[in-house]
Amino acid sequence: MAFHTEKRAYGGSFEFIRKRNMALKTTAFFLPAVLLLVTFYIGPMILTVFFSFTNRAMTGINAKEIEFVGFRNFVNIFQNPKFTMAINKTLIFLIFSGILGQQCCGFVFAELMKKKNKHLRRFVGMTVIAGWITPDIVCAFIFAAYFSGTGTLNRILGLIGVSPISWLFTFPMVSVIIANIWKGTAYAMMMFQAALDSISDEVMEAAMIDGANGLQSLRYITIPMIKSTFAITFVNVTLGTLGSFVLIYTLTGGGPSGATTTLAIFMYEKAFIAYQIGYGMAIALILLLIGMFFSLLYIRAIKMND
């Protein structure tokens with residue numbers, strides 16, 4: 001009896017040691033990722049929230065003595081006419097560049113490439129992905145040359161008798177929207193292509209047998225079956241578009257006359273040109289809240305259709 005009791009005690013000790021070692025190994029495995037997350041995401045987010053309620057600046061007395069000012073930065077932001085204009089420009093850029101541009105183009109390309117020859121799919125995929133992997137600064141210079149007075153677009157239009165147009169001055173928002181669509185469509189296309197390839201051929205064949213045409217199959221079968229992919233791409237494309245800075249700033253600098261000044265550009269101007277860090281961080285916090293609002297809106301819309 002005593003032997004069995006002692007055996008169970010030793011067995012329990014060995015099991016405890018095994019579980020402890022497994023927990024230590026798991027912790028060691030995830031620790032680098034947690035440290036990176038805290039250092040480059042959670043830490044900056046906490047600092048952003050903290051500085052947004054202070055008068056932190058890069059020059060002057062406020063650079064040495066930080067004071068808590070409450071909601072004064074936010075009050076000043078909402079009273080600034082340029083903030084309203086930046087909100088409008090941000091929404092225009094988001095809707096036409098991200099939601100309608102990248103999402104729709106990505107889905108259309110993925111749908112057109114479905115069941116196509118693998119060599120054609122590879123060629124189109126590589127062509128579209130080339131824009132996605134191109135750094136923002138390089139993409140900006142490419143489109144600066146493309147939209148210039150003697151650039152490719154004006155040369156093409158010149159062949160049909162159209163006079164040269166200063167695209168970045170006459171149609172600045174249209175120009176940056178086109179550039180951003182070219183830059184980001186590949187992500188949506190790859191996501192939708194993977195989702196469409198996962199749909200069983202038997203399902204589509206059954207729909208055809210029941211008399212459904214192409215549009216009906218797309219509306220009632222394809223889109224409902226990949227709506228989770230729509231939600232994921234909506235969230236990622238929205239957050240990426242809201243934070244777009246390098247492409248716009250390099251192409252237009254937010255101009256002319258604020259025509260392309262989105263919230264990201266407005267934040268940069270206040271934080272790093274006017275040196276008002278607290279003011280700029282308050283704008284960044286508003287931008288973060290807008291991104292969270294759209295993300296929750298997409299997820300809720302998807303759940304409501306379940």
request  = Look at the rings of Phe53 and Phe71 and say which category their plane angle falls in: under 30° parallel, 30 to 60° tilted, over 60° perpendicular.
outcome  = perpendicular
ask   = Can you pull the salt bridge (Lys or Arg N to Asp or Glu O under 4.0 Å) pairs that have at least one residue in residues 233-246, sequence neighbours excluded?
value = none
inquiry  = Any side-chain to backbone donor/acceptor pair from Lys183 onto Ala140? Under 3.5 Å, distance only.
reply    = no
Audit row: Met113, Gln193, side chain to side chain contact (heavy atoms under 4.5 Å, CB included) steps and yes/no = CA-CA 8 Å; Met113 290 298 103; Gln193 199 167 57; 3.5 Å; yes
Can you give each donor-acceptor pair under 3.5 Å made by side-chain atoms of residues 242-263, sequence neighbours left out, with the distance rounded to 0.1 Å?
from: Thr250; atom 1: OG1; to: Val246; atom 2: O; distance (Å): 2.7
from: Thr252; atom 1: OG1; to: Ile248; atom 2: O; distance (Å): 3.1
from: Thr252; atom 1: OG1; to: Gly254; atom 2: N; distance (Å): 3.3
from: Thr252; atom 1: OG1; to: Thr260; atom 2: OG1; distance (Å): 2.6
from: Thr260; atom 1: OG1; to: Gly254; atom 2: O; distance (Å): 3.3
from: Thr260; atom 1: OG1; to: Gly255; atom 2: N; distance (Å): 3.4
from: Thr260; atom 1: OG1; to: Gly255; atom 2: O; distance (Å): 2.7
from: Thr261; atom 1: OG1; to: Gly254; atom 2: O; distance (Å): 2.7

request  = Begin from the C-alpha positions of Phe171 and Phe147 and carry the test ring-ring contact (aromatic ring centres under 6.0 Å, His included) through to its verdict.
outcome  = CA-CA 10 Å; Phe171 304 104; Phe147 288 123; over 10 Å; no
query = Would you say the side-chain atoms of Asn76 pair up with the backbone N or O of Arg72, donor to acceptor, closer than 3.5 Å?
reply = yes
Show me the donor-acceptor pairs, under 3.5 Å and distance only, between side chains in residues 151-158 and residues at least two apart or in other chains.
from: Asn154; atom 1: OD1; to: Ile165; atom 2: N; distance (Å): 3.0
from: Asn154; atom 1: OD1; to: Trp167; atom 2: NE1; distance (Å): 3.2
from: Asn154; atom 1: ND2; to: Ser148; atom 2: O; distance (Å): 2.9
from: Asn154; atom 1: ND2; to: Gly149; atom 2: O; distance (Å): 3.2
from: Asn154; atom 1: ND2; to: Ile165; atom 2: O; distance (Å): 2.9
from: Arg155; atom 1: NE; to: Thr150; atom 2: O; distance (Å): 3.1

request  = Tell me, please, which residues at least two apart from Tyr187 pass side chain to side chain donor-acceptor pair (under 3.5 Å).
outcome  = Asn236
inquiry  = If hydrophobic clusters are built from ILVMFWY residues whose side chains come within less than 4.5 Å, do Phe96 and Val174 share one?
reply    = yes
query = Under 30°, 30 to 60°, or over 60°: which ring-plane class applies to Phe83 and Phe266, parallel, tilted or perpendicular?
reply = tilted
inquiry  = Taking the ring of Phe109 and the ring of Phe192, is the distance between their centroids below 6.0 Å?
reply    = no
Residue list, side-chain contact (heavy atoms from CB on, under 4.5 Å) with Ser228, at least two apart or on another chain = none
message = So, using side chain to side chain donor-acceptor pair (under 3.5 Å) as the criterion, who are the partners of Asp197 when residues are at least two apart?
response = Arg121
ask   = Taking the side chain as C-beta and beyond, is there a heavy-atom pair between Lys270 and Asn73 under 4.5 Å?
value = no
message = Determine whether a donor-acceptor pair (N or O, by modelled atom type, separation under 3.5 Å) exists between the side chain of Thr39 and the backbone of Leu36.
response = no
